[in-house]
Engineer: 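Please find one structure pasted underneath; my questions will follow.
Just so it is clear, the structure is predicted and the values come from calculations on it, not from any experiment. Every chain is numbered from 1, with letters handed out A, B, ... down the list of sequences.
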Amino acid sequence: MFSRLLTSALLAGAAAGLFAALLQLVFVQPVLLHAELYEGGELVHFGAESTVSAHPDLPGFDALRDGLSIVFTMLVYAGYAMVLVALMALAQTRGARIDGRIGLIWGLAAFVAVHLAPGFTLAPEVPGVAAADVYARQIWWFATVAAAGIAMWLIGFGHSWVAWGVAVVLLLAPHVIGAPEPDVFTGPVPTEIGALFAARALGVGLAAWVILGGLAGYIWARDDARLA
Amino acid sequence: MTTQTAQLGQATRATGRASGITAMITVALIGLGVVFVTGHVQAGTLHDAAHDVRHATGFPCH
């Protein structure tokens with residue numbers, strides 16, 4: 001069981017991570033590099049110098065920096081895949097059906113838990129934004145992901161209005177309580193770049209998670225058929 | 001004899017289920033560890049190497 005879980009997760013995670021990394025390099029990285037020009041002070045958009053081009057020359061592919069990003073994205077999604085496949089296996093022992101199509105729904109639910117739920121209040125940040133203490137935000141992030149993850153499970157596998165009611169409370173509570181916020185806003189990056197960055201980061205997350213869920217479900221069902 | 005075999009079968013299945021659950025928990029914990037180290041540990045070198053990914057994945061950074 002242990003090696004089956006591990007190999008299924010590593011296969012699905014590495015493939016989804018590679019896909020996520022390529023999407024990030026094409027769609028997110030240029031926005032991030034653009035933001036860094038403001039973070040570093042090379043571009044300024046306030047006051048008298050506010051007429052700056054929205055299309056500056058950006059550095060191209062950086063083998064070391066972008067190579068590390070590919071490796072780390074694959075690691076992050078491999079880690080996520082281990083949690084996902086373990087939960088899929090647990091659900092299967094409790095009677096749930098697992099295959100590629102149902103895996104797509106698992107991916108959607110996991111995207112909600114891991115990206116959309118925390119991002120609803122702590123939106124994906126471009127470099128240079130003002131933010132509260134990183135440790136406080138991490139605690140909030142983990143608590144929110146845990147609450148939303150349990151909520152997704154309750155929505156998917158709960159059988160009563162009590163379970164679904166608890167799920168709604170778990171989804172809403174972190175945002176009603178609120179995330180750690182900075183005392184003052186000091187971000188030098190134009191709002192256009194910040195909004196685009198958040199939208200792109202969430203979009204790439206959605207694509208990566210749907211692929212991860214679908215692949216993990218497909219691989220798991222294929223092994224089921226082989227072992228039967 | 002049949003009862004014994006059936007009991008043995010049940011015991012084996014129960015053991016299989018228990019080791020299955022242990023494997024699921026272990027793999028999930030390893031996965032959480034990998035996500036924590038790659039996405040959240042603030043040590044300098046690790047942070048710099050994973051910087052772009054942390055921002056792009058929506059992890060709290062800096």
Engineer: Just how far is it from atom CG of L68(A) to atom CG of L46(B), taken to the nearest 0.5 Å?
Structural biologist: 10.5 Å
Engineer: Are P127(A) and H51(B) packed together at the side-chain level, in the sense that at least one heavy-atom pair is separated by less than 4.5 angstrom?
Structural biologist: yes
Engineer: Using atom types as modelled and distance alone, determine if a side-chain donor or acceptor of H55(B) lies under 3.5 Å from a backbone N or O of E125(A).
Structural biologist: yes
Engineer: Using a 4.5 Å cut-off on heavy atoms from C-beta on, say whether the side chain of V76(A) contacts that of F59(B).
Structural biologist: yes
Engineer: What are the two closest heavy atoms between V53(B) and S69(A), and how far apart are they?
Structural biologist: CG2-O, 3.2 Å
Engineer: Where do C61(B) and V134(A) come nearest, in terms of heavy atoms and distance?
Structural biologist: C-CG2, 4.1 Å
Engineer: Select one option (side chain, backbone, both, neither) describing which atoms of A89(A) are under 4.5 Å from chain B's heavy atoms.
Structural biologist: both
Engineer: Need one label for V114(A): side chain, backbone, both or neither, based on atoms under 4.5 Å from any heavy atom in chain B.
Structural biologist: neither
Engineer: Given Q24(A) and T57(B), is the side chain to side chain contact (heavy atoms under 4.5 Å, CB included) satisfied, shown in steps?
Structural biologist: CA-CA 9 Å; Q24(A) 276 171 12; T57(B) 317; 3.9 Å; yes
Engineer: Are V83(A) and L32(B) packed together at the side-chain level, in the sense that at least one heavy-atom pair is separated by less than 4.5 angstrom?
Structural biologist: yes
Engineer: Tell me, side chain or backbone of L90(A) under 4.5 Å from chain B's heavy atoms, or both, or neither?
Structural biologist: both
Engineer: Hey, could you give me the CE/CD1 distance between M1(A) and I21(B), rounded to the nearest 0.5 Å?
Structural biologist: 8.0 Å
Engineer: Taking every heavy-atom pair that is under 4.5 Å apart, which of D48(B), V35(B), V34(B) has the most such pairs with chain A?
Structural biologist: V35(B)
Engineer: Output the residues of residues 181-207 of chain A for which the shortest heavy-atom distance to chain B is under 4.5 Å, in residue-number order; output 'none' if no such residue exists.
Structural biologist: F197(A), A201(A)
Engineer: I'd like to know whether M24(B) forms a side chain to side chain contact (heavy atoms under 4.5 Å, CB included) with T93(A), so could you lay out the CA-CA distance, the side-chain angles of the two residues, the decisive distance to 0.1 Å, and finally the verdict.
Structural biologist: CA-CA 11 Å; M24(B) 290 168 207; T93(A) 63; 3.7 Å; yes
Engineer: Parallel, tilted or perpendicular: which describes the rings of H40(B) and W141(A), with under 30° parallel and over 60° perpendicular?
Structural biologist: tilted
Engineer: Got a sec: does the CZ of F120(A) have more than 12 other heavy atoms crowding it under 6.0 Å?
Structural biologist: no
Engineer: Counting heavy-atom pairs closer than 4.5 Å to chain B, which one of L5(A), V145(A), V28(A) comes out on top?
Structural biologist: L5(A)
Engineer: What residue pairs, at least two apart or across chains, pass ring pair (Phe, Tyr, Trp, His ring centres under 6.0 Å) with a residue in residues 14-34 of chain A?
Structural biologist: H34(A)-Y38(A)
